[in-house]
Amino acid sequence: MRYWLVKSEPDVFNFADQMALGPHGAEWHGIRNYQARNNMRLMAVGDLAFFYHSNIGKEIVGICEVVGTSHPDSTTDDPRWDCADIRGIRPMPVPVTLQMCKTDPRLSGMVLVNNTRLSVQPVAPDEWAVICQMGGLRE
DNA sequence: GCCAACGTTGGC
DNA sequence: GCCAACGTTGGC
C-alpha cells in the first residue's frame with residue numbers, strides 16, 4: 001500500500017470534477033513525463049493519493065483512491081504513455097497549502113516541496129499522516 | 001508575465 | 001554520448 005500525490009490545474013480539471021466522475025473514477029491521462037508515468041505504473045488498487053491544485057490554489061484539496069492499475073493512455077496512440085485509474089474519495093476539510101508544506105519541517109523532504117515539476121509523485125507514510133492531520137482528517 | 005528548474009530533442 | 005537549443009511546468 002503506497003501513498004501518492006497527483007497534480008491538476010483546477011481550471012482544467014479540479015477535485016469537484018474528479019468527484020463528479022463517481023465511484024468508478026477515470027484514467028489519469030495526459031501524463032507525458034517518464035518519471036510521472038513510472039510512478040503510475042507502480043500504483044496498486046487501494047493506494048491513496050492526494051489531489052493537488054497547481055497554479056491556482058496551490059493546495060491539497062482532496063483524497064483519491066487508485067481503482068485500476070496501469071494501462072495504455074486512451075488519449076494517445078503513443079505506446080510510451082500509460083495511466084492508472086483514480087476515483088475521488090473525500091475533500092480535505094481544510095485544504096493544505098504548498099506554503100504550509102514548505103513551512104513544516106516534518107515535510108521538508110516532500111517531493112512536492114523539492115521537485116515542483118513532477119506531477120505524479122510518491123508521498124511517504126509519515127508525510128501522509130502529517131498532511132491528513134493538517135487537513136483536519138484523522139487517519 | 002517572468003523565469004528557474006527540469007526534460008526532451010537532435011546535430012555532431 | 002555529449003551538449004546546445006528548445007519546450008514545459010509551475011511558483012511567484
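Predicted model only: the values in this text are computed from it and were never measured. In the text below, chain A, chain B and the rest are named by the order of the sequence lines, each starting its count at 1.
- Residues satisfying the ring pair (Phe, Tyr, Trp, His ring centres under 6.0 Å) test with A:Y52, not counting sequence neighbours, are none.
- Remark: aromatic rings of A:W81 and A:Y34 are close, center separation under 6.0 Å.
- Within residues 98-106 of chain A, the residues approached by DNA chain C to less than 4.0 Å at the level of any non-hydrogen atom are A:L98, A:K102, in residue-number order.
- Along DNA chain C, the stretch of nucleotides lying under 4.0 Å from any heavy atom of chain A spans, 5' to 3', C:dG7 to C:dC12.
- Shown here are the side chain to side chain donor-acceptor pair (under 3.5 Å) partners of A:E27, two or more places apart in sequence or in another chain: A:H29, A:S74.
- Using a 4.0 Å heavy-atom distance criterion, A:E9 is classed as making no nucleic acid contact.
- Partners of A:N14 by side chain to side chain donor-acceptor pair (under 3.5 Å), not counting sequence neighbours: none found.
- Applying the side chain to side chain donor-acceptor pair (under 3.5 Å) rule to A:D11 yields no partners; only residues at least two apart in sequence or on another chain are considered.
- With hydrogens and angles left out, the side-chain atoms of A:D78 and A:T76 include no donor and acceptor closer than 3.5 Å.
- Defined by atom type and a distance below 3.5 Å, a donor-acceptor pair is missing between the side-chain atoms of A:D85 and A:H24.
- The aromatic rings of A:W28 and A:F51 stand perpendicular to each other, their planes meeting at an angle above 60°, with 30° marking the opposite boundary.
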